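These notes are about the structure you will find just below.
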Amino acid sequence: MFLYPKLDPGGSGGSIALDLMLKNLVTCEEFNQMQKKNWESIARLVPGVTARQCSIRYEQLRKQQATNSIAMDNISSSTVSKPNRSTKSESEASDQKTSRPGSAKHKGARAERDGASSRRSKVNSPMEGDLGPTMVIHVCDEAKSLKQDFHCPRDLLVNEMKYFAEYLSTDAQRWEEVDISVHCDVQIFDWLMKYVKKGTKEVPVAPQLADLKPNNVISILISSDFLKMDNLVQECIEYCHSRMGAIVATPCNMNCISDKLTSRIADLFTHNEADDIKDRKDKFKSKLFAKKTEKLFDPGSVNMDSPESAVTLYRCGVCKRLLTKNLENKVKCYTSRMTVDRQGNLTYRHSPDPSWDVNEFLLEMKGQFKHWRDVYWKLWGAINYLKCDRCKEHFPCSELGHCHYHPERAVFEEKVEDKVVPTAVGTYPCCLQRSLRFDPLGAAKGCKVRDHVVVEVPPGSPKVGQ
């Protein structure tokens with residue numbers, strides 16, 4: 001379902017959907033100073049609009065920006081006309097000549113004038129509750145070849161659909177100049193109008209959250225967001241969170257959901273909930289994890305899914321491991337990078353690889369894994385860490401199965417002239433690796449690997465690895 005409202009002040013045929021986007025660009029100094037503007041990319045945002053039309057309309061809006069207020073004053077002054085008293089006097093005089101006061105003909109002429117004036121007053125008079133004059137909205141459903149007109153009081157329309165507030169000003173002389181045309185599904189707009197008129201005599205009970213369905217919630221979400229119906233947008237987002245599995249199973253097109261709405265929906269999902277969504281055609285699951293990946297690099301966000309942040313992510317140029325500032329002091333590097341601190345503890349100095357770029361790394365992983373879900377979990381496992389209760393070392397979550405061990409104990413003895421003599425240096429029978437009886441460096445690694453043993457972290461602990 002596509003929604004392209006068009007308001008045509010003064011009879012112009014410009015698309016408001018295009019104008020609204022271009023007005024934001026007109027006020028952007030950075031965009032105005034660009035020597036070469038990519039109109040092809042901008043034209044794709046509004047179906048049916050070419051790059052040349054975008055460029056021409058952009059120049060028109062720039063020229064109109066400085067003189068807009070003057071033009072509106074001219075329009076207002078031109079629409080105000082004084083009543084023609086001479087014409088009124090001539091009509092009254094002709095009535096008095098043709099009929100005497102109290103005659104049937106005179107009464108009929110007066111009744112006709114009163115009826116005409118009363119009809120004009122009904123068109124411009126406020127509705128019950130002083131909600132302003134009734135506005136007519138022309139809805140064109142091009143997919144079904146249907147057209148239908150909807151009526152709504154101006155104040156109610158402006159309060160519920162804030163998109164129209166810019167065009168339906170308080171100047172009553174401009175209301176007759178405004179023609180509202182909306183290109184969308186008739187049934188969807190009928191649903192929206194019932195929601196707008198909630199609590200009125202026409203619709204005493206408005207559509208509630210229970211009336212949203214998996215096959216219409218995306219259309220309603222996109223339409224309500226475009227028309228700036230904030231309360232309805234929030235209801236739709238919460239519905240998407242609770243019924244996403246059923247929504248992706250319908251034939252709805254989810255590519256029309258804006259980046260802003262996708263972020264708001266993703267904020268309601270934990271990464272486990274997003275991972276549980278069964279999205280066979282990958283309509284929305286990858287978008288959720290793409291937003292989750294972005295959030296890992298947001299320094300100002302509070303991420304309940306990841307205690308650690310990827311803002312300081314880098315790769316060590318020596319051991320080639322992905323590290324963060326919190327993780328670099330807990331993960332060992334090569335023995336050559338080992339030092340002793342002031343307290344006598346062994347520490348390792350990792351050196352960032354200057355040739356490594358995080359953006360290229362993400363793109364490389366996306367090309368390798370094909371889905372943002374796998375990219376997210378790979379990155380999440382690299383920046384979050386735990387502590388093994390068996391080897392007493394910290395490790396990234398992505399290395400859960402890398403706890404090194406020897407299946408056999410080291411033997412610290414050797415035969416000398418048919419006698420068994422204890423030695424300081426032993427050997428592991430499983431791999432013949434040499435081992436010191438006292439190894440303060442902990443350089444000896446096992447020849448096999450198994451899963452780390454992690455002690456359950458108490459609830460409320462701020463760090464995964466503590």
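One is the number of the first residue; the rest follow in order along the sequence. Note that the structure is a prediction, hence the values are computed from the model and not measured.
Here K194 pairs with D190 in a salt bridge; the nearest charged N to carboxylate O distance falls below 4.0 Å. Looking at D282 and R373, no side-chain N of the basic residue comes within less than 4.0 Å of a carboxylate O on the acidic one, giving no salt bridge. Salt-bridge formation is not detected for the pair K228/D225: no Lys NZ or Arg NE/NH1/NH2 atom is positioned less than 4.0 Å from an Asp or Glu carboxylate oxygen. At a threshold of 4.0 Å, the pair E393-K330 does not count as salt-bridged, since none of the basic side-chain nitrogens sits closer than that to a carboxylate oxygen.
With values rounded to the nearest 0.5 angstrom, E142 atom CD is found 5.5 Å from H183 atom NE2. The line from CG of L323 to SG of C316 is 6.0 Å long, rounded to the nearest 0.5 Å. The line from OG of S351 to OH of Y314 is 8.0 Å long, rounded to the nearest 0.5 Å. Remark: C256 SG to L261 CG distance equals 11.5 Å, nearest 0.5 Å. Interatomic distance, CD1 of I180 versus CG of L157, reported as 5.5 Å (0.5 Å rounding). To the nearest 0.5 Å, atoms NZ (K370) and OG (S286) are separated by 12.5 Å.
Between L296 and V311, every side-chain heavy-atom pair lies at or beyond the 4.5 Å cut-off. Taking the side chain as every heavy atom from C-beta outward, L288 and K285 never approach each other to under 4.5 Å. No side-chain heavy atom of R243 sits under 4.5 Å from any side-chain heavy atom of L212. The shortest distance between side-chain heavy atoms of C252 and I247 falls below 4.5 Å. Contact check for I237 versus L268: side-chain heavy atoms found under the 4.5 Å cut-off. Residues V340 and N345 are not in side-chain contact: their nearest non-hydrogen atoms beyond the backbone lie 4.5 Å or more apart. Between N329 and H350, the closest side-chain pair of non-hydrogen atoms is not below 4.5 Å. Contact annotation: the side chain of P396 approaches that of L327 to within less than 4.5 Å [non-hydrogen atoms, C-beta and beyond].
Around NZ of K378, the count of heavy atoms belonging to other residues, nucleotides or ligands within 6.0 Å does not exceed 12. E399 CD: more than 12 foreign heavy atoms inside a 6.0 Å radius. Applying the 6.0 Å contact sphere to CE of M304 captures no more than 12 heavy atoms from other residues, nucleotides or ligands. Within 6.0 Å of the NZ atom in K320, the count of heavy atoms belonging to other residues, nucleotides or ligands exceeds 12. R349 CZ: 12 or fewer foreign heavy atoms inside a 6.0 Å radius. Within a 6.0 Å radius of OH in Y334, other residues, nucleotides and ligands contribute 12 heavy atoms or fewer. The local environment of NZ in K162 is crowded, with over 12 non-hydrogen atoms from other residues, nucleotides or ligands closer than 6.0 Å.
Taking all atoms of both residues into account, the shortest heavy-atom contact from F189 to C184 is CB-SG, 3.7 Å. Closest non-hydrogen pair, K392 versus K387, comes out as O-CE, 3.9 Å. The shortest heavy-atom contact between D451 and G401 is OD1-CA, 3.3 Å. The minimum heavy-atom distance between S301 and D298, with the atom names listed, is OG-O, 3.2 Å. Considering all non-hydrogen atoms of both residues, F226 and Y163 come closest at O-CD1, 3.5 Å. Here the shortest heavy-atom pairing between Y348 and V331 reads CB-O, 4.4 Å.
Between the side chain of Q53 and the backbone N or O of T50, at least one donor-acceptor pair lies under 3.5 Å. Panel note: side chain N384, backbone E308; a donor-acceptor pair is recorded below 3.5 Å. Remark: side-chain polar atoms of D141 are not paired, donor with acceptor, to backbone N or O of S145 under 3.5 angstrom. For K287 (side chain) and W372 (main-chain N/O), no donor-acceptor pair under 3.5 Å exists by modelled atom type. With T324 contributing its side chain and T312 its backbone, the two residues share no donor-acceptor pair below 3.5 Å. Side chain of S306 to main chain of N303: no donor-acceptor pair is present (N/O by atom type, distance under 3.5 Å, no hydrogens or angles). Looking only at distances, no side-chain donor or acceptor of S55 sits under 3.5 Å from a matching main-chain atom of A51. Here the side chain of K144 pairs no donor or acceptor atom with the backbone of V186 at under 3.5 angstrom. The main-chain N or O of T250 is found under 3.5 Å from a side-chain atom of K283 such that the two form a donor-acceptor pair. A donor-acceptor pair is defined here as one N or O able to donate and one able to accept, closer than 3.5 Å; no such pair exists between the side chain of E238 and the backbone of E235.
Ring planes of Y385 and H394: perpendicular class, angle over 60° (limits at 30 and 60°). Ring-plane geometry between H271 and Y376 is classed as perpendicular, the angle between the planes exceeding 60 degrees on a 0 to 90 degree scale with a lower cut at 30. Using the six-membered ring where Trp is involved, W191 and Y195 have ring planes that are parallel, under 30° apart on the 30 and 60° scheme. Using the six-membered ring where Trp is involved, F361 and W356 have ring planes that are tilted, between 30° and 60° apart.
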Practice task
Under the side chain to side chain contact (heavy atoms under 4.5 Å, CB included) rule, what do E40 and C54 come out as? Steps first, then yes or no, please.
Solution key: CA-CA 9 Å; E40 287 78 7; C54 289; over 6 Å; no
Exercise for the section: Check the pair W380, K292 against side chain to side chain contact (heavy atoms under 4.5 Å, CB included), reporting the backbone distance first and the verdict last. Expected result: CA-CA 10 Å; W380 186 93; K292 292 291 183 184; over 6 Å; no
Exercise for the section: Determine, stepwise, if the pair V375 / L362 fulfils side chain to side chain contact (heavy atoms under 4.5 Å, CB included). Expected result: CA-CA 7 Å; V375 175; L362 291 175; 4.3 Å; yes
Exercise for the section: For the pair D353 and S355, evaluate side-chain hydrogen bond (donor to acceptor under 3.5 Å, both in side chains) and give the outcome as yes or no after the intermediate values. Expected result: CA-CA 6 Å; D353 186 355; S355 64; 2.8 Å; yes
Practice task
List the steps, then state whether side chain to side chain contact (heavy atoms under 4.5 Å, CB included) holds for V196 with M229.
Solution key: CA-CA 9 Å; V196 168; M229 304 172 66; 3.8 Å; yes
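F412 carries R437 over the face of its six-membered ring, with the cationic atom under 6.0 Å from the centre and within 45° of the normal. Figure legend: R434 and Y428 shown without cation-pi pairing, the cationic atom not lying both under 6.0 angstrom from the six-membered ring centre and within 45 degrees of its axis.
The aromatic ring centroids of F395 and H402 lie 6.0 Å or more from each other.
S263 and K291 share a donor-acceptor pair across their side chains, judged by distance under 3.5 Å alone.
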